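Everything below concerns the one structure shown next.
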There are 2 protein chains.
Amino acid sequence: MDFVNDVIAWKRDGHELDAGRLRAFVDGVVDGSVPSYQASALLMAMVLQGLSDGETLELARALVESGKMLDLSVVRRPVLDKHSSGGVGDKVTLVLAPLVAACGAVFGKMSGRGLGHTGGTVDKLESIPGFRVQLPQGEFVRQLERIGVAVVSQSERIVPADRILYALRDVTATIECDGLIAASIMAKKVASGTSALVLDVKVGRGAFMGDLGHARNLGRLCRLIGDAYDRPTTCIFTSMEAPLGRTVGNRLEVEEAWQVLGGEGPDDVREVTLTLAGALLALSDLGVDEPEGRRLAAAALDDGRAAEHFERWCFVQGGRWKPGEFHRLAAHEARAARAGYVTRVDALAVGQAAQIAGAGRRRIDDTVDPAAGVVLQRAVGDQVEAGDPLAAVFSRDPARRAQASAVLDRVFSVGDKRPQPGPLVLGRIEAEE
Amino acid sequence: MDFVNDVIAWKRDGHELDAGRLRAFVDGVVDGSVPSYQASALLMAMVLQGLSDGETLELARALVESGKMLDLSVVRRPVLDKHSSGGVGDKVTLVLAPLVAACGAVFGKMSGRGLGHTGGTVDKLESIPGFRVQLPQGEFVRQLERIGVAVVSQSERIVPADRILYALRDVTATIECDGLIAASIMAKKVASGTSALVLDVKVGRGAFMGDLGHARNLGRLCRLIGDAYDRPTTCIFTSMEAPLGRTVGNRLEVEEAWQVLGGEGPDDVREVTLTLAGALLALSDLGVDEPEGRRLAAAALDDGRAAEHFERWCFVQGGRWKPGEFHRLAAHEARAARAGYVTRVDALAVGQAAQIAGAGRRRIDDTVDPAAGVVLQRAVGDQVEAGDPLAAVFSRDPARRAQASAVLDRVFSVGDKRPQPGPLVLGRIEAEE
């Protein structure tokens, strides 16, 4: 019986792992002395026995200390960040980042590529020709000082243990553990120098969390870690039953974000963006409360400053932004089989169609097609006639397009009664100031 | 999400794995397409969610079919075997194998080396100079026909999946699952051609199973697999609070087995041997019931036929058996601190002392020292004076001897009242005929 075997047995039997054991595990994963088969056995024991609040916090600490910690104090102002637990059509960061900067605060983000129905924020930004998502640290800092906004891809030196563990969790059915998820999210935020965070926890069919109770626990754990590191963290729970906005796909979402930045675009994207912007600005050094922050943000969307800041951001980070100028792929349309009201748009199915079309990754080394995705022509509550177009899927590959179309055909439910719209913002946990 | 990931998730969520999924897993482990980190995650999910009877049976089938199946029908008589779940000082196979043959039945065994406080039966036999534990299959069969007894080391081609999985379970804290244990034991018996089996499930401090209820479940599962393959299996539950007999160590145990074969030696070893012999002979083609079988066996121990058969067996399998002729190692003695009655001899501590002395393996590639081990000079119920010798530990290495002595000093409890002896045979599950 070696030490790691004993650690695994300890967790298997439902006992609590102390800081020393968690650190030995994480350090061993990074230096290779804990082989992957022992790591995955321990991860499964963690998933099935759960992690206590104390274990979650100590795991986060061990992850943070597994790599380099970025010091953004040179910026001399709070660097705000927003993290989404992942939803379908979630392009909010694309709007929020320049919006917060346009309001006078500083937004800095290191973003992973990850797996999912579409790429991550960095994949979306890369759909803009020339946009550089890898910046040297000094340039990242200077850009934050100069224009108040920078979004780059996660450095490999930040929380290296998380990258190894996440890849292992992805193939061993050990993703689903609130403590593991919270430690993974928050360790990366702490290590990459975030001063204050708003966490958008998505709840519903298109999200990782199916119910609000579960989402609240994840939010609570993230807040706990944020508090321990003195990084104020506000959690906002938002609905992910239907996709957010009308587009799902990397470049398609940038185009929609551009509309929202100009004071237009779908109401739901604007509403979630303003809610998160209010919460973020209240955590900034601008001395505003949340309603004031929200009003500032709405004004910046409506008077053109947000869009202007987005253009400036693209320019500084190398992107040649020309709205509407991208390669249009062949489409397949889904049409209404009957007349009535749209009662449901299944976010999960939309996401799957977009992923099949080429917008997302199934494996970490898949490439994403910037132009692939889904555009929704109708939303929940809209009245339709039989034969009306409901949605279109765009894909480079005819076989993928056909396969995605078959999924798209299951997305819409049409009924006789106009449905009551559900709330978009489901709850929140305020950061302690 | 690949197929194996889905299989792991299915078990993680408490669902039942069907034959196809179990087979894909086992086959993938053997052909290398299922990496060890996925295998260990699934094993941990099995340990924590448990395996149903159906899963246990299908897992055993998949294990059996992962390699070669030995056909012993050429022997034209039932080939009997006995398996012990593992105890301290358990030398019963050394007596039982020639005893069953001396009574006119056929005993054939493929035995693993395994990990433990002492070596396995093949390690014990190898403490006899020249004893060959690797025989070609034809020679194994001819020896069974000629003298009715053969014990060899497990062929690598029998249940290769079990060897891989066992090595993985050993380092990932996933040994403890009745279904995994039963499938592992029985698959090897079925694949190595055993016609009928007696399983000696050890219960108590020196055994893997601490309580009878747990042991009964393991026995029940083994019987279930035996029934499915039409290999009658009787389970006998015996006590392992104190070590069996007075010796723990490879050659030391052969010497004690020799005494029992000659109608002498410790009562407990003789009693367990006769109980198992009766049960085994009742499963043979001799047409005897269990009490008759036991009487036949007792007579063979007492009239010299069993000892004679042991000598013949050693000769045929290459061993130069000379009782008492082995290298005697330096010893350290444990002595009674006070006068009174021995109330307890801690089997686990005796086993640990023997292992430290060099009698057993901690890792699969450790070598065992044939002459190392422990000799107990007193048993539970014996009266002792302060300073009386209680036990001696033999080791080649002074440092190991000192370390083992410190463990040995904790083995004996001495009290004022003579303890009531507990039963040796705790229960049984009869084979269906």
Side-chain angles (χ1 to χ4, degrees), chain A residues 1-15 17 21 25 28-29 32-50 115-117 164-177 180 208 210 348 351-352 355-356 360-364 366, chain B residues 1-15 17 21 25 28-29 32-50 115-117 164-177 180 208 210 348 351-352 355-356 360-364 366:
Chain A
M1 292 288 188
D2 70 354
F3 175 73
V4 182
N5 195 71
D6 291 348
V7 170
I8 301 169
W10 190 249
K11 191 69 224 171
R12 177 198 68 199
D13 295 341
H15 302 299
L17 295 172
R21 288 185 167 108
F25 166 61
V29 163
S33 64
V34 173
S36 57
Y37 50 82
Q38 288 188 317
S40 65
L42 181 56
L43 289 168
M44 182 58 83
M46 287 173 167
V47 168
L48 286 172
Q49 295 288 11
L115 305 170
H117 302 122
I164 301 169
L165 288 175
Y166 192 86
L168 195 56
R169 287 166 62 204
D170 184 52
V171 293
T172 55
T174 50
I175 296 285
E176 290 84 349
C177 170
L180 288 174
F208 183 72
L348 182 61
Q352 287 167 340
Q355 189 176 52
I356 293 167
R361 287 185 186 83
R362 284 166 61 90
R363 305 230 164 233
I364 202 72
D366 287 348
Chain B
M1 293 285 188
D2 71 352
F3 176 73
V4 183
N5 195 69
D6 291 348
V7 170
I8 301 169
W10 190 249
K11 190 69 224 170
R12 177 198 67 199
D13 294 341
H15 302 299
L17 296 172
R21 288 186 167 106
F25 167 59
V29 164
S33 64
V34 173
S36 57
Y37 52 82
Q38 288 187 319
S40 65
L42 181 56
L43 288 168
M44 183 57 83
M46 288 173 166
V47 167
L48 286 172
Q49 295 287 11
L115 305 171
H117 303 119
I164 301 169
L165 288 175
Y166 192 86
L168 196 56
R169 287 166 62 205
D170 184 51
V171 294
T172 55
T174 51
I175 297 286
E176 290 84 349
C177 169
L180 288 175
F208 183 72
L348 182 60
Q352 288 167 341
Q355 189 176 52
I356 293 166
R361 287 184 186 84
R362 283 165 62 92
R363 305 231 163 232
I364 202 72
D366 287 347

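Everything numeric here is computed off the predicted structure, so don't read it as measured data.
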So which atom in [X] and which in [Y] form the shortest heavy-atom distance, rounded to 0.1 Å?
X	Y	result
A/Ser36	B/Tyr37	OG-CD2, 3.4 Å
A/Ile8	B/Val171	CD1-O, 4.1 Å
A/Ala45	B/Leu48	CA-CD1, 3.9 Å
B/Ala9	A/Ala173	N-CB, 3.5 Å
B/Ala41	A/Ser40	N-OG, 3.8 Å
A/Asn5	B/Thr172	OD1-N, 3.1 Å

Quiz item: Relative to chain A, which of B/Gln38, B/Lys11, B/Arg12 shows the most heavy atom pairs under 4.5 Å?
Solution: B/Arg12
Quiz item: Within a strict 4.5 Å, meaning less than it, do heavy atoms of the A/Glu176 and B/Asp13 side chains meet?
Solution: no
Self-check item: Under 4.5 Å from any heavy atom of chain A - which part of B/Val47
Solution: side chain
Quiz item: chain A heavy atoms under 4.5 Å from B/Leu168: which part of the residue, side chain, backbone, both or neither?
Solution: side chain
